[in-house]
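A short write-up of the structure that comes next.
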Amino acid sequence: MDLSWMGWTVPTAIFFISIATALVIMIIWSIKTPQAPRVGILRFETTPGDRLFISLLGSAFICLGWLALFGAPLWWALLVCFLYALSVFRWV
Amino acid sequence: MNKTHNQKAWFMVLPVVLLVAFSAVIPLMTVVNYSVQDTFGNNEFFWVGLEWFEEILASNRMHDALGRQVIFTTTILLIEIPLGIFVALHMPKKSGFWSSICLVLVALPLLIPWNVVGTIWQIFGRIDIGLLGYTLDQMGIDYNYTQDSFAAWVTIIIMDVWHWTSLVVLLSYAGLKSIPDAYYQAAKIDQASRLSVFRYIELPKMKGVLLIAILLRFMDSFMIYTEPFVVTGGGPGSATTFLSIDLVKMAIGQFDLGPAAAFSLIYFLVILLISWVFYTVMVHSDKEAGL
Amino acid sequence: MAKITLSNLAHRYAPGDNYALKPMNHVWDDGTAYALLGPSGCGKTTLLNIISGLLTPSDGSVLFNGDDVTKKDTASRNIAQVFQFPVVYDTMTVRDNLAFPLKNRKLDTDYIKRRVEEIADMTGLTDILDKKALSLTADVKQKISLGRGLVREDVNAILFDEPLTVIDPHMKWQLRTELKALHKKLGHTMIYVTHDQTEALTFADKVVVMLEGEVVQIGTPTELFEKPGHTFVGYFIGSPGMNILPVKIKGDKAYIANHEIALAQGYKDMTGKIEIGIRPEFITLSNNPSDLPITIKRIEDVGHYKIIRAAHKDIDINIIANEAFEFSEDLKYARFDKSRTNIYADDWLVEP
Amino acid sequence: MKYGFTVIAVMMGLNASAIADDATTNKWIEEFQPSSLSKVEQTAEINWFIKAAEPFKGMEIKVVSETIATHEYESKTLAKAFTELTGIKVIHDLIGEGDVVEKLQTQMQSGENIYDAYINDSDLIGTHWRYQQARNLTDWMSGIGKDVTNPGLDLDDFIGTSFTTGPDGKLYQLPDQQFANLYWFRYDWFTDEKNMADFKARYGYDLGVPVNWSAYEDIAEFFTGREIDGKKVYGHMDYGKKDPSLGWRFTDAWMSMAGMGDKGEPNGLPVDEWGIRVNENSQPVGSCMARGGATNSPAAVYALEKYVEWLTKYAPPTAAGMVFSEAGPVPAQGNIAQQIFWYTTFTPDMVKENTPVVNDDGTPKWRMAPSPHGAYWSEGTKIGYQDAGSWTLMKSTPDNRAKAAWLYAQFVTSKTVDVKKSHVGLTFIRESSVQHASFTERAPKLGGLVEFYRSPARVRWSPTGTNIPDYPRLAQLWWQNIGDASSGEKSAQEALDALCYAQERLMRRLERTGVQGEFGPKLNDEQGADYWIAQPGAPKAKIANEKPTPITISYDELIKSWQ
């Protein structure tokens, strides 16, 4: 199959592989140790899937914010995203 | 609350998952790929990193378009939601001839294709041959949506209100119809005023459908393209250039796939965020209602 | 609190239609608890709505304490109503719900506060006064509904439109008892619509039985039980209902399929459909061949008593015996208690 | 059995076509009258097409062009004739000009064959030459396409090939229709005694064809609001909706008419009407004054300011909301006195009988003349716009499809059909048609069109030249930025600063990716506007008096100079 029209690059491939990996890990995790939804600091029920979504969406905005304020590169923004995702999984 | 998961059920939804993958995920991946590259044809791509994102985030054009978009969406929500409720409240409640007539009349604007709506208003508003424009002009009101930003805004907002208030009306009407008579009877007995009836009975009962109406109108108006494009082309100047108009100019007009892809992604994220907030609020409030 | 007079009252939903409510004249006493009992579609809700003022009757008038209120709207009749499904203002707290009718009448804030607490105390809502009404269970919501009615001191009557329909069975009994107690305490005129005879009989001072737009009998539960004015009442009230058997009457003798039964009194000659009505409770099995011969089909043990399903030829007869009853082969006859035997001509009770 | 059928079918097919040929040919030759060829010559040319098309019989090809009268004739009549004569089925789609470019760009981006041939403006010459995605016709005609190149094509007879030739001297496109941008005015009003007297009394000089913008402005002011035959008329017509067509108006010639660019024909060198400067190797080097460009120069600001001023002061109030195609037919409605920038492609609308702009005898009440020029203009600079919608064959189209399309392209531009086609669409491409006797006869009804094309002056009208490295992308920048100025949102200077910056930004991207190789942009270092203004030619310094003495000329004098 010719995928050249999609214009793949190594960084975007890594980006999507990371997200796919995260999804797979989440699925395996939820099969191994099923978790009930819980109510966190946002005062509504979240499942691990919800928390992943909140982490990813939030990270996207963290990166955009970083780009707007400081510009590339995004290494420090990625660190912030990571910390943010951790806290989402811990407290939300 | 522990739910047991039967993993085999997944196979049932596999066709749908594949369909979604092809229709949504693959294009989205392509957009992400394009957003970090530059191209001038022949399927040749050149890596530029996050340049487009930086450029767009710093671009006044984008900020202005976003600002206009927010003002537009807020304005039409502030008009259409109350107006829709108001109209729904005054429609005949009992099923019958008159309520059918009203429903058909209300639904009519929704049946007109978007570009036709734009064309209708473009002509309607012209001061030489359009009924609205001509009337206003004859009344001595200085109205020319092609030159005056304010007139252009008013035209587009009225057009959107004309086109979409019906949706709010229909949803609100459905919500109102679901209120049992007993509530109105009780309110009569309690000597509640009309306002109290609205505030304490109708509004709470319509909350669910209203949230859907707001969400739909939000998403639609946030992505509005065809109608203002047909009427004003985003002008005069950039007065009515909303996000999608700007995006289409970039993607189709300039064939600038890279910047357009980056723009699309930012646009997508904004809509995703707001929609997610709406969705969460809706589900959350439903749970609170014990439904 | 009021005496309610229904004068030549009748209602048709549209001119030319059949009467949803046939012409009637009744006086309902002040302070009494009435139950409107009847099957679905018998007109009881129509009657209730006419009394509450939600519906204007097409004929006749409604009088409260002698005042004609036929044309008056609901609010000015000063009545309260509890509906089939709990009607509460979801977004308000319980307290605000109770205060709502008073606030709308622009009463003094201190008074409202006092009164709401009084009623909350009475209805057992004190603990949850500051909770949102939205999240409460149906029975509590019905209490709030009731409380909203009671909170007005000048209320003429409280109307209940099948208020226990959505209540869990185990809560029904409790709620009904509370209602009864409240009625005793406050002495409001109450009108309670239901299709459940148990509810009607346990709650009401007087039961109004309706059938096809017509009031067939108004009476105390005992009257309804012992002397049903109409075969429908006999059949509808009691479990199993009254035995209604076609008879021929000659003086003080009745003939069921040629078998003679003695009656307590003599009757004039009657034409039309003549039936004898006797409750299963007032038939006993006997071994006396002068009684009505029957064949016993089966005996059901329902706990406190036993129901004997029997038949004379092809006419079914139900008999209730106490739980100590022992069956024996020679009990092949049914004896009717003469004093509890009623005669009906064209379904209506015939006095001797 | 099966074999037998095939043989019979083939024989019958051949037979049928052989019989049909003569009748069909004759039928079509009747349609193609008048012609610059004799009927015998026409038959010979058609026979050549039939023979050359033999290998492609039964093939279906798709070509596309914009929707104007000429192409409608091609699509409805010539495509049908070609199919009947050669057996090649042609689908000739007509869509908007912008859509044609969009399709072309999609084919260029993806490399997928969307259409087998495009008729698109020769404005794209710089684009085609640099990207090298279009077939170079000079090589094609002597190479792969030799067998299917009409010996009677007679390239020298085409009047627009200079527009479609790259700096390398190779032909990239074959002209199919051509139209110019001229000054249009109501001859009857201009020669009316009362109007002439009033004008002279008010402005002190004769009412006539304006030679410079000063005079045009006075005339516009004079007619606006004047009542003629009971109608309120306007002294100017234009369009201003924020739409791609707003850009054409500027990129076509407006800036060079104002005098922004350098001298040189067909286009200014080193700075053209887009304000883009090229170096001696034809590499674009800048658009802003700081890099030697002129897009934001005082002359450009002057041009844009005049456009906005006249549109608001002298044009009908609805004009600002119109696009090119809406505004074009407006003068034919009879309440416009003059239009500085009028596309002759609208001539067919303008000569229809029983319209307010045509006399009872079928002669027009209007005339066309050279457009006036602005304060910065000097002799030797491009004078107006002339576009040649031209056949373009892409390299991404398979060879045999390109060959079939090339046959069709030559057919619709052949001498056999060209005189007839020119009568329908009035968009001349061949000298032989321009000079044809039938046009001498028709000339009085065409308001000066034939005179213009027969005059030596016509070469001074030209399309966008080779300075423009990527027409589709750069053109988009124009209408958006011009729109900002026309709405008053930005001043002319601000809008043009933004425009030249955007053009340079795109050229920098082209330079960075290197897709255009040695012909691609190579931006100069910024040196400051003053340095470049001090150099000879564009960008030019601001002149103190932007409204020099108005000059007019009598139309009848002017027409003599054309003869």
Side-chain angles (χ1 to χ4, degrees), chain B residues 1 81-82 85 88-89 92-100 171-172 174-214 280-291, chain C residues 45 48-49 51-55 72-93 96-107 132-138 141-142 144-149 151-152 155-163 165-166:
Chain B
M1 273 300 276
I81 300 297
I85 295 172
L89 284 175
K93 292 286 169 324
K94 292 267 181 308
S95 300
F97 178 73
W98 287 112
S99 75
S100 306
L171 285 170
S172 305
L176 285 174
K177 287 267 279 191
S178 73
I179 301 176
D181 281 347
Y183 279 84
Y184 293 103
Q185 295 170 359
K188 261 192 200 169
I189 292 169
D190 292 339
Q191 281 191 4
S193 62
R194 183 70 195 87
L195 191 69
S196 299
V197 169
F198 174 70
R199 167 73 184 78
Y200 296 112
I201 297 176
E202 292 168 333
L203 200 57
K205 291 286 170 192
M206 281 194 292
K207 192 173 141 198
V209 282
L210 277 181
L211 268 166
I212 294 174
I214 293 172
T280 309
V281 166
M282 268 166 69
V283 171
H284 181 49
S285 72
D286 278 359
K287 275 198 178 143
E288 200 180 49
L291 294 175
Chain C
T45 301
L48 190 77
N49 285 346
I51 295 171
S52 68
L54 296 169
L55 198 63
K72 284 193 175 170
D73 69 0
T74 308
S76 50
R77 290 185 190 196
N78 266 337
I79 48 100
Q81 187 162 356
V82 178
F83 296 89
Q84 189 168 7
F85 299 97
V87 174
V88 293
Y89 304 105
D90 287 344
T91 51
M92 296 186 200
T93 59
D96 290 337
N97 259 284
L98 294 179
F100 193 59
L102 300 180
K103 276 187 187 157
N104 287 334
R105 287 170 172 78
K106 310 229 165 9
L107 294 173
K132 276 257 161 75
L134 188 69
S135 51
L136 301 172
T137 53
K141 285 186 180 176
Q142 282 301 47
I144 297 172
S145 240
L146 174 65
R148 272 209 326 271
V151 77
R152 284 150 42 205
V155 74
N156 275 324
I158 305 174
L159 314 183
F160 297 87
D161 188 359
E162 309 202 21
T165 312
V166 292

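Just so we're clear, the structure is a prediction, and the values are computed from it rather than from any experiment.
With no hydrogens or angles considered, a side-chain donor-acceptor pair links Asp190(B) and Tyr89(C) at under 3.5 Å.
Across Ser196(B) and Phe100(C), no two heavy atoms sit closer than the pair CB-CZ, 3.8 Å.
By the 4.5 Å heavy-atom criterion applied to side chains, Ile189(B) and Arg148(C) are not counted as neighbours. Side-chain contact check for Asp73(C) versus Lys188(B): every heavy-atom pair is 4.5 Å or farther apart.
Interface remark: of the candidates Asp90(C), Asn104(C), Val88(C), Asn104(C) forms the most heavy-atom pairs closer than 4.5 Å to chain B.
Contacts between Arg152(C) and chain B at a heavy-atom distance below 4.5 Å involve the side chain alone, from C-beta outward.
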